[in-house]
Amino acid sequence: MTIPAGIDRISFYTTRYSLDLKLLAEARDVAYEKFTVGLGQAVMGVPPPDEDSVTMAAAAAKPILDEVGVDAIELLFFATESGVDQSKAAGMFLHGLLGLPARCRVVELKQACYAGTIALRMAALMVAASGRKALVVTSDIARYDLGSPGEPTQGCGAVAMLVSAEPAILALDPEAGIHAEDVMDFWRPNYREEAVVDGKYSTRIYLATLRQAWRQYAARTGRTPADLARCCYHIPFTNMAVKAHDRLLKEAGITEGRPALIEAAVRESLGYNRQTGNTYTASLYEGLTCLLDTATEALDGQRIGFFSYGSGAVGEFFSGTVVPGYRDHLFTEKHRELIETRTRLTVQEYEDIFNLCMPTDGWEYSFSQYRTGPFRLSGVNAHRRLYEAV
Ligand code: HMG
């Protein structure tokens with residue numbers, strides 16, 4: 001039997017700083033339960049000034065490349081909505097930092113949180129044809145105005161995936177259900193660092209898009225929720241994934257026992273996001289990483305459903321089968337260590353970091369050294385971003 005192309009390795013990174021939402025709730029005079037119970041979030045990841053989407057992506061990709069080498073990689077797709085330049089793809093910096101081969105193509109992709117999914121699916125098609133390997137990285141910093149309703153859903157992180165024709169972790173099914181519609185639920189004009197969002201509307205559009213994408217997927221495959229051992233969702237905050245699965249079950253005509261079904265299908269994918277906040281393009285794949293790392297039952301041979309959502313809006317429902325033996329290829333211990341050993345900030349320290357803006361005059365500027373991953377943004381000079389290995 002030939003295994004369809006898919007994910008051969010998956011590695012997650014988040015920054016070395018975090019803010020406990022208990023402190024944020026006190027500072028904003030909001031009930032802590034609104035964040036923990038209402039949104040389903042506990043902690044948010046905070047990017048220090050010398051980390052950005054490039055350093056996070058490189059940190060996520062490095063363990064994969066340390067293991068498999070760079071020689072077979074012919075393609076790098078970098079999905080982000082936290083791009084660092086209007087012209088040069090963020091992936092070109094990665095190409096240099098990670099020593100990718102000169103024949104490796106590089107491009108940056110954008111459609112809010114959805115871009116990682118189209119990157120993964122295009123990469124799978126290309127490697128299936130060529131037999132070579134692709135690197136797909138998803139990396140983002142979710143940033144809203146201080147004191148806004150979106151603030152407790154902020155976060156940061158990256159997921160890197162090696163895509164190959166003979167994947168060791170997840171073989172992608174060819175079918176998908178897609179729904180695209182021009183809406184203004186969440187966006188970030190080029191002149192703003194913080195996203196603009198019509199919050200409640202965005203949650204309604206997310207669910208409406210899921211409904212359409214699921215209907216199409218179900219019609220094309222004849223599958224029902226019972227055919228999916230687990231479901232991973234785009235996770236702007238973990239309760240959104242819970243609501244999403246509830247909507248999917250209703251749509252499939254399941255009226256009884258939904259809380260237990262949601263618990264069984266979704267809960268194991270939420271733990272990392274609850275600790276990092278929204279990681280936009282990375283969030284669906286952070287959920288998959290968490291599921292693979294923490295599921296108590298082995299998932300060998302099980303089919304997983306995925307719903308990818310990107311505001312604006314595109315949604316895609318697709319699926320894949322976990323490859324037997326996948327547990328031998330995970331970076332579980334590294335992920336656990338990353339999440340557990342972050343420096344906890346005070347609200348004042350978080351706000352100081354948030355308000356520290358990079359100068360835009362192009363003159364020489366060096367960032368103070370914070371705790372980072374293996375790479376950092378050391379400064380700028382003559383409008384050039386300067387990265388270094390730590
Ligand atoms: P809000 O208006 O402040 O919150 O912001 P709320 O009043 O709706 O309360 C939130 C939940 O907490 C509610 O639960 C409350 O009942 C509950 P629900 O009714 O929804 O089940 N609650 C409490 N629970 C327990 N104890 C309490 C308590 N008080 C309230 N004391 C909102 C919520 C999500 C709108 C806001 O955080 C926001 O704007 N977030 C950013 C936008 C967002 O995340 N949208 C999600 C869908 S769009 C998407 O996913 C795409 C995105 O990732 C971007 C991209 O694609 O690039 C964002």
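Counting convention: from 1, in listed order, for ligands and their atoms alike.
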Under 4.0 Å from one or more heavy atoms of His234, ligand 1 contributes atoms 49 (C), 50 (O), 51 (C), 52 (C), 53 (O)

When distances are taken from atom 33 (C) of ligand 1, the protein heavy atom at minimum range is Leu39 CD2, 4.2 Å

Exercise. Please check atom 23 (C) of ligand 1 for a protein heavy-atom neighbour under 4.0 Å.
Key: yes

Ligand 1 to Lys243, heavy atom cutoff 4.0 Å, flagged ligand atoms 18 (P), 20 (O), 21 (O)

Any protein heavy atom lying closer than 4.0 Å to atom 16 (O) of ligand 1?
no

Checklist entry - Once the angle between the rings of Phe307 and Phe317 is folded into 0 to 90°, is it parallel (under 30°), tilted (30 to 60°) or perpendicular (over 60°)? => result parallel

Flag for Tyr217-Ser319: side-chain donor and acceptor within less than 3.5 Å = yes

Atom 1 (P) of ligand 1 sits nearest the protein heavy atom Lys34 NZ, 3.6 Å

Worksheet item: What do you reckon, does Asn278 have a nitrogen or oxygen under 3.5 Å from a nitrogen or oxygen of ligand 1?
Response: yes

ask   = Does Thr203 reach ligand 1 with a nitrogen or oxygen that is under 3.5 Å from one of the ligand's nitrogen or oxygen atoms?
value = no

Test item: protein heavy atom less than 4.0 Å from atom 28 (C) of ligand 1: yes

Residue, atom and distance of the protein heavy atom nearest atom 26 (N) of ligand 1 read Glu33 CB, 3.4 Å

Nearest non-hydrogen protein atom to atom 31 (N) of ligand 1, with distance, is Ala31 CB, 3.5 Å

Q. Salt bridge or not for Glu151 and Arg28, using N-O below 4.0 Å?
A. yes

- Message: Can you see whether Glu175 engages Thr221 through a side-chain donor-acceptor pair at a distance of less than 3.5 angstrom?
- Response: no

Atom 12 (O) of ligand 1 has as its nearest protein heavy atom Gly38 CA, 3.1 Å

Q) Using 30° and 60° as the class limits, which term best fits the ring planes of Phe306 and Phe318: parallel, tilted or perpendicular? A) parallel

Is there a polar contact, in the sense of an N or O pair closer than 3.5 Å, between Gly310 and ligand 1?
no

Worksheet item: Have Thr279 and Asp140 got a donor and an acceptor in their side chains that come within less than 3.5 Å?
Response: no

Nearest heavy atom to atom 54 (C) of ligand 1, choosing from Gly40, Pro152, Cys113, Gly155, belongs to Cys113

Any side-chain donor paired with an acceptor under 3.5 Å for Glu316 and Tyr114?
yes

| query | Using a distance-only test with no angle check, is there a side-chain donor-acceptor pair under 3.5 angstrom linking Thr332 and Asp293? | reply | yes

Practice item. Using distance alone, decide if ligand 1 has a nitrogen or oxygen within less than 3.5 Å of any nitrogen or oxygen in Glu81. Key: yes

**OP:** Return yes if a side-chain donor-acceptor contact under 3.5 Å exists between Thr117 and Ser308, otherwise no.
**Re:** yes

Please tell me whether Val43 and Phe35 are part of a single hydrophobic cluster in this structure, the criterion being side-chain heavy atoms less than 4.5 Å apart. no

Pro236 heavy atoms within 4.0 Å reach ligand 1 at atoms 44 (O), 46 (C), 50 (O), 53 (O)

Gly199 heavy atoms within 4.0 Å reach ligand 1 at atoms 35 (C), 39 (O)

The closest protein heavy-atom partner of atom 47 (C) of ligand 1 is Ser202 OG, 3.4 Å

(Q) Geometry only, no angles: is Val197 polar-contacting ligand 1 at N/O separations under 3.5 Å? (A) no

Q. Taking atom types as modelled, is there a side-chain donor on Asp52 or Tyr387 under 3.5 Å from an acceptor on the other?
A. yes

Fill in: Contact with ligand 1 for Tyr144, non-hydrogen, under 4.0 angstrom
yes

of all protein heavy atoms, closest to atom 34 (C) of ligand 1 is Phe237 CE2, 3.5 Å

Checking Thr209, Leu207, Thr203 against Ile205 for side-chain contact (heavy atoms from CB on, under 4.5 Å), the one that qualifies is Thr209

side-chain contact (heavy atoms from CB on, under 4.5 Å) test vs Arg230 passes for just one of Arg267, His245, Glu268, Arg303, namely Glu268

Atom 37 (O) of ligand 1: closest protein heavy atom, distance to 0.1 Å, is Pro149 O, 2.8 Å

Checklist entry - Less than 4.0 Å between atom 51 (C) of ligand 1 and some protein heavy atom, yes or no? => result yes

